[in-house]
Structure formats: C-alpha cells, structure tokens
Amino acid sequence: MGVTASKAVAVAAVVAALAGTAACGGGGAKAADGKAPATHSARPVVDARTLTQAELAAAAVTGADLHGWQASGPRRAGAGARRQVPDPACRALYGMTAELGAGRQRDRGAVQESVTSGEHDVTVVLRTYTAADAAQLMADLRTSLKTCPARFDSAVEGETYSHTERLKDPAAGDDALAYRTVQTIPGEDPDDVTAAGHGLYHVVVVRCGATIATFSEFAMDGDPAAVPTAVVTAQAAKLARAAGGA
C-alpha cells in the first residue's frame, strides 16, 4: 500500500472517529443505541461567555496537550479578507473555508495557529463572539452547505470550489459540523480532482459556548486531507475549561 493509499485509509478512520468525540459540555448527543446521531444536537447558547483575547490565546492547544504534535503558538488572527463570492448562498461556506473562518458576524477576539505531526498540518482558528452571533454563524454555515450550488466561483477570478460534501456531524463541543470541498485553481478542470491544480479541504467547525473553533487541513493534487480527532478533542476540552472559567 502506497503512502497516498495508506493515508486514505487513515482519513476514513478519522472521519468515523470524529462522530464520537467528546462534547464541550461533557458528553455529545447520543442516540438511544449509544451511537452518534446523523446530526449533532446543538446545546443552547444562553449565558455563554465571550472570552477575552488573552483567554482565547491561553485556550489554544499546545504541544503539551497533544502527544507527538508541535504547535506554532497562537497569534492574533485577522478578520479575513472578507472577499465576497458572487453567489450569496455560498458566502458563509467560502468564508469558513478560505477566509480563516470569518463569517458576517463581528468577532470579539481571534487567534490562529498551526499544529503539526509527521503526517498532518492542521490550521486552528479560534474566534469568540456574543452568544447569539456564535449560534447564528453555525446556522449560516449549515444553510450555506444546503443551498450553495455544487460548483461556485470564488472571490479569486477563475478559481472555483466544487464537490462539497457534508460529513456526519462530529459529537464535539456544543455544536459541530464537518465537510470537505475541492478548490480548483484558474485554468484547471474542476472535475479532474486528482490532477495537479486541485486542493482538498477537510474542515471541522466546533462551537464551544460563544467561541467557534475551525480546524482545517489542506492537501494538493489528489492527496487526502483529514483533521485528526485528537486535535479536535484536545482543543474542545481546553475551550470548555476556558468557558467555565476553570
């Protein structure tokens, strides 16, 4: 089995495992048979606390939280370029994928970092909002995933996104979702996704209280991408402690 094939097997295992990760509030939504449901049951945001910039930075995962991983350390994240795609139905999806997790809501603090292992390079972005805005951002993204066309033009001329696939909602945090999408650079065929010029995104979005954590891995030219469960679990646990003031 080659490197790409073996990683593809690992990707499938990661996607399955994400459906059973722990919730921010201590236990994800479960069906009667103990299995994670097809859709995550969001916990309410009433009285969820907006973290300070310092609290957000302190809540970012470190190498000490993830055995075998290295973390770049948190730095302040910008608001994203806020570039607008032509189709309004795709704007929340595009912002989450290509604009560092930026939505139409104004965040009250944001940090980003990279966490790496020998096999993965995951970008983690934490943004804190008012409770209402955090919930609305998740709602906007779900709507965008439902209503955005199978292929849409990005804010970069000639670039497209396509083959977007909504994955089973991870049982993580107070609300969570996951998806894959393919970016095609200008001049390449959007349908030939294994050829050069195509990038695969695997994105996991988790709300812990009023904070949104976005995890993304990007791979080029047919190589699979998958955000490992360990990263999501460790970060959700730290955000839960921060939200509780622990």
Side-chain angles (χ1 to χ4, degrees), residues 2-12 14-15 18 72 75-104 110-127 137 140-167 177-205 212-228 231-232:
V3 173
T4 299
S6 62
K7 188 174 180 183
V9 172
V11 166
V14 165
V15 172
L18 274 170
S72 65
R75 65 185 187 277
R76 185 180 291 272
R82 304 283 182 176
R83 298 170 294 183
Q84 296 292 336
V85 296
D87 190 336
C90 303
R91 287 175 183 170
L93 174 59
Y94 181 76
M96 189 59 67
T97 306
E99 298 285 335
L100 295 175
R104 62 186 176 88
V111 298
Q112 69 179 93
E113 67 174 339
S114 295
V115 291
T116 59
S117 67
E119 199 172 356
H120 295 279
D121 186 348
V122 180
T123 299
V124 182
V125 181
L126 308 180
R127 294 185 183 275
L137 186 149
D140 287 351
L141 182 55
R142 280 195 165 87
T143 298
S144 191
L145 283 164
K146 289 179 181 177
T147 60
C148 182
R151 181 185 302 168
F152 67 94
D153 293 330
S154 87
V156 177
E157 186 175 358
E159 181 182 81
T160 63
Y161 284 79
S162 60
H163 303 277
T164 302
E165 178 188 5
R166 173 82 179 271
L167 304 174
L177 56 82
Y179 63 91
R180 292 194 189 100
T181 192
V182 176
Q183 175 196 46
T184 303
I185 65 173
E188 300 296 334
D189 180 1
D191 290 324
D192 191 7
V193 296
T194 61
H198 296 78
L200 173 65
Y201 281 94
H202 178 221
V203 182
V204 179
V205 185
I212 303 292
T214 305
F215 309 84
S216 62
E217 184 166 65
F218 178 76
M220 286 293 294
D221 305 335
D223 197 27
V227 175
V231 178
V232 176

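The shown structure was predicted, so the numbers you read here are calculated from the model rather than taken from an experiment.
Taking both residues in full, the closest heavy atoms of Pro86 and Pro88 are given as O-CD, 3.3 Å, listed atom of the first, atom of the second, then distance. The two atoms that bring Pro224 and Ala219 nearest to each other are O-CB, 3.6 Å, heavy atoms only. When all heavy atoms of Ser154 and Glu159 are compared, the closest pair comes out as OG-OE1, 2.7 Å. Scanning both residues, Leu126 and Ala213, for their nearest heavy atoms gives CD2-CB, 3.5 Å. In terms of heavy-atom proximity, Arg91 sits nearest to Val85 at NE-O, 3.1 Å. Scanning both residues, Tyr179 and Arg166, for their nearest heavy atoms gives CB-CA, 4.1 Å.
Ser72 places a side-chain N or O within donor-acceptor distance of the main-chain N or O of Ser114, the cut-off being under 3.5 Å. No side-chain donor-acceptor contact under 3.5 Å links Glu217 to the backbone of Val122. At distances below 3.5 Å, at least one donor-acceptor pair connects side-chain atoms of Arg127 with backbone N or O atoms of Leu100.
Here OG1 of Thr147 is found 9.0 Å from CG of Leu93. Values are rounded to the nearest 0.5 Å. For the atom pair CD (Gln183) and CE (Met220), the distance works out to 7.0 Å, reported to the nearest 0.5 Å. A distance of 7.0 Å separates NE2 of His198 from OG1 of Thr160, quoted to the nearest 0.5 Å. Once rounded to the nearest 0.5 Å, the distance linking OH of Tyr201 with CZ of Phe218 reads 5.0 Å. Going from atom OG1 of Thr214 over to atom CG of Leu141 covers 8.5 Å, rounded to the nearest 0.5 Å. Here the straight-line distance linking atom CG of Asp153 with atom OH of Tyr94 works out to 10.5 Å at 0.5 Å rounding.
In this structure, Asp87 and Cys148 have side chains that are not in contact, with every pair of non-hydrogen atoms separated by 4.5 Å or more. Side chains of His163 and Leu200 form no contact here, defined as non-hydrogen atoms less than 4.5 Å apart. A heavy-atom distance below 4.5 Å is found between the side chains of His202 and Leu167.
Tested against Thr164, the residues Leu145, Val203, Val182 include a single side chain to side chain contact (heavy atoms under 4.5 Å, CB included) partner, Leu145.
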